[in-house]
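Structure record follows, encoded as structure tokens.
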Amino acid sequence: MTATVPASTSAAGTTDERLDEVFAPIFARIAEGAVAREDDRRLAHDEVSWLREAKFGALRVPVELGGYGASVRQLFRLLIDLATAESNLPQALRVHWSFVEDQLAALPDHEAERWLRKVAEGTLVGNAITEPGVGAIDRYQTRLTADGDSWRLDGTKYYSTGSLYSDHILVAADQDGERVSVLVDADAEGVTQHDDWDGFGQRLTASGTTEFSGVQVSGDRILGPGYGVEGRTYATSYLQLVQLSVLAGIAQRATDDVSEWVRERTRTFTHSTADLPRHDPLVQQVIGRLTAAAYSARTIVLDIADQLDRLAETAWQDEELLDKVEFDVARAQATVIPLVLDATTQLFEVGGASITSERLRLDRHWRNARVISVHNPLIFKLQAIGDHVLNGTELPYAWSAGQK
């Protein structure tokens, strides 16, 4: 199932309609197996291969380099649609998108163009940033040390989201006291990946442990400053917006699943005001709350995506706009998270005990939303927002985790 960029596409990019022609059927196919994958805990290798063949990872790659030339807004619109089909996949590909943006910002650099062409050929990039234990609040324990004419990479990472689906892994490491990013082949000698993510939600994101033991790294694979370097960056707002797009997709899928269940249901209660649940005003109110949450989350995500489009036009250099987007995505997090968590809890009110059937797996919506919501914990974001509003304190762009 190989897709190509539509012939009518111009260098300016692909229209929404053309993108939907390519990806809507793939998303529908992915959605069909969502409950079965949840039951079996089967990683979505087949589904990722469908996306790879359709060049989903090349949405933002310019047409002249083999991609779709999509805008940031178009990317996030499709990420919401993909999350509606399978919430694990946009999160699994999260760092891939920021890798692509870094290459776009570096154009016309030859190496950046080379990597973008590889992405257009189907290359996907995962990540290995967060570390267990001490972590990276002070410095990464994963070390890059000189080894003759090359470098040696050693360390252990956790939450290596998406790396089991990827061709390359973007690794955050310490190089002589400096944070750097290193691009490692996923199948390189010395790389060992484990599917040991044990969270109760988002279980198919391949967010397990990755070990690096004496991995040889050439100098051209050291890509510059690593995650957590002080100073402004587009990456924190961009990566957080991927998580919010997942929540928007979860809310939409929950709305679709529960609405379909209610339409077919004939059982009700003696004190119901209608013969059928779909005619009951109280049930209708719950569905109304669900669809309002999905709409609101989607609208907020796309509004911030529009801001990121404007920021991308400055090659991510406009400091005032960087601060605005960082502030807005943090505020959006404080709105979207409780909105979706409440909706995915309230959905169970439309039926009795039968709605809790494991055959339906409606619990996955709350579990997935709850897990995705703890990334960059909201309590700390709210404090940072309040301090910024009251005291003008600069927003913290670096969100490293570990022991102080």
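This structure is a prediction, so every number in the text was calculated from the model and none was measured.
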Can you name the closest pair of heavy atoms from [X] and [Y] and give their distance?
| X | Y | result |
| --- | --- | --- |
| G122 | D167 | O-OD2, 3.7 Å |
| Q103 | A112 | O-CB, 3.4 Å |
| A186 | Q193 | O-OE1, 3.9 Å |
| S98 | Y238 | N-CE2, 4.5 Å |
| L395 | F327 | CD1-N, 3.6 Å |
| S245 | F76 | CB-CD2, 4.1 Å |

If you measure only the distance, is there a donor-acceptor pair under 3.5 Å linking the side chains of D196 and T209?
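Short answer, yes.
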
- Say whether D102 and Y234, considering side chains only, have a donor N or O and an acceptor N or O under 3.5 Å apart.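 Yes.
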
Is there a donor-acceptor contact under 3.5 Å from the side chain of [X] to the main chain of [Y]?
| X | Y | result |
| --- | --- | --- |
| R73 | D306 | no |
| E131 | G402 | no |
| S357 | S354 | no |
| E17 | T15 | no |
| R179 | D174 | no |
| S71 | Q74 | yes |
| D309 | V72 | yes |
| R37 | R42 | no |
| T314 | L311 | yes |

Does atom [atom1] ([X]) have a neighbourhood of more than 12 heavy atoms from anything else shown, all under 6.0 Å?
| X | atom1 | value |
| --- | --- | --- |
| D187 | CG | yes |
| F200 | CZ | yes |
| R359 | CZ | no |

Heavy-atom side-chain contact between [X] and [Y] under 4.5 Å:
| X | Y | value |
| --- | --- | --- |
| S237 | L322 | no |
| V125 | W115 | no |
| E101 | W316 | yes |
| L362 | V258 | yes |
| R370 | T345 | no |
| W50 | P25 | no |
| L79 | F56 | yes |
| T156 | F212 | no |

Could you walk me through whether N376 and Q333 pass side-chain hydrogen bond (donor to acceptor under 3.5 Å, both in side chains), step by step?
-> CA-CA 10 Å; N376 299 334; Q333 191 179 347; 5.7 Å; no

Q: Keeping to residues at least two apart or across chains, list the salt bridge (charged side-chain N to carboxylate O under 4.0 Å, His left out) pairs with something in residues 116-130.
A: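 Every salt bridge (charged side-chain N to carboxylate O under 4.0 Å, His left out) pair that includes a residue of residues 116-130, provided the two are not neighbours, is E113-R117.
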
Query raised in the report: Taking only residues at least two apart or on different chains, which pairs with a member in residues 201-224 satisfy salt bridge (charged side-chain N to carboxylate O under 4.0 Å, His left out)?
Result: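 As it turns out, the salt bridge (charged side-chain N to carboxylate O under 4.0 Å, His left out) pairs with a partner in residues 201-224, which skip direct neighbours, are E38-R203, D185-R221.
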
Determine, step by step, whether D363 and R361 satisfy the salt bridge (Lys or Arg N to Asp or Glu O under 4.0 Å) criterion, reporting the C-alpha distance in whole Å, the side-chain angles of both residues, the deciding distance to 0.1 Å, and the verdict. CA-CA 5 Å; D363 61 303; R361 279 292 180 198; 3.8 Å; yes

- Query: Quick one: ring-ring contact (aromatic ring centres under 6.0 Å, His included) pairs with a partner in residues 116-140, sequence neighbours left out?
  - Reply: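 Non-adjacent pairs meeting ring-ring contact (aromatic ring centres under 6.0 Å, His included): zero.
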
Separation between [atom1] of [X] and [atom2] of [Y], rounded to the nearest 0.5 Å:
| X | Y | atom1 | atom2 | value |
| --- | --- | --- | --- | --- |
| H194 | Y158 | NE2 | OH | 11.0 Å |
| I337 | K381 | CD1 | NZ | 8.0 Å |
| T161 | I129 | OG1 | CD1 | 9.0 Å |
| L153 | Q175 | CG | CD | 10.5 Å |
| E86 | E32 | CD | CD | 13.0 Å |
| T344 | N368 | OG1 | CG | 9.5 Å |

Step-by-step side-chain contact (heavy atoms from CB on, under 4.5 Å) determination, V350 to R265 = CA-CA 10 Å; V350 302; R265 185 167 170 78; over 6 Å; no

- Query: What residues, two or more places apart in sequence or in another chain, satisfy side-chain contact (heavy atoms from CB on, under 4.5 Å) together with S160?
  - Reply: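 A128, K157, S163, T210.
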
Does the salt bridge (Lys or Arg N to Asp or Glu O under 4.0 Å) test come out yes or no for E111 and R114, once each step is laid out? CA-CA 5 Å; E111 279 297 297; R114 183 174 73 87; 2.9 Å; yes

List the atom pairs, with distances to 0.1 Å, where a side-chain N or O of residues 280-292 and a protein N or O form a donor-acceptor pair under 3.5 Å, not counting sequence neighbours.
| residue | atom | partner | partner atom | Å |
| --- | --- | --- | --- | --- |
| D280 | OD1 | L282 | N | 2.8 |
| D280 | OD2 | S272 | OG | 2.5 |
| Q284 | NE2 | R278 | O | 3.0 |

Got a salt bridge between D39 and R364, using NZ or NE/NH1/NH2 to carboxylate O under 4.0 Å?
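So D39 does not pair with R364 through a salt bridge.
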
Working for side-chain contact (heavy atoms from CB on, under 4.5 Å), residues R52 and Y165: CA-CA 10 Å; R52 186 195 304 272; Y165 299 129; 5.6 Å; no

Check your understanding: Does the side-chain contact (heavy atoms from CB on, under 4.5 Å) test come out yes or no for V371 and W197, once each step is laid out?
Key -> CA-CA 12 Å; V371 168; W197 162 238; 3.9 Å; yes

Item to complete: Apply salt bridge (Lys or Arg N to Asp or Glu O under 4.0 Å) to D328 and R331, showing your working.
Response: CA-CA 5 Å; D328 285 349; R331 293 193 294 180; 2.6 Å; yes

Criterion side-chain contact (heavy atoms from CB on, under 4.5 Å) on I385 and H388, from CA distance to verdict = CA-CA 5 Å; I385 292 169; H388 179 73; 5.7 Å; no

D318 and R232: CA distance, side-chain angles, deciding distance, salt bridge (Lys or Arg N to Asp or Glu O under 4.0 Å) verdict: CA-CA 10 Å; D318 187 318; R232 292 177 174 87; over 6 Å; no

Salt bridge (charged side-chain N to carboxylate O under 4.0 Å, His left out) against D20, all qualifying residues, sequence neighbours excluded: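 R77.
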
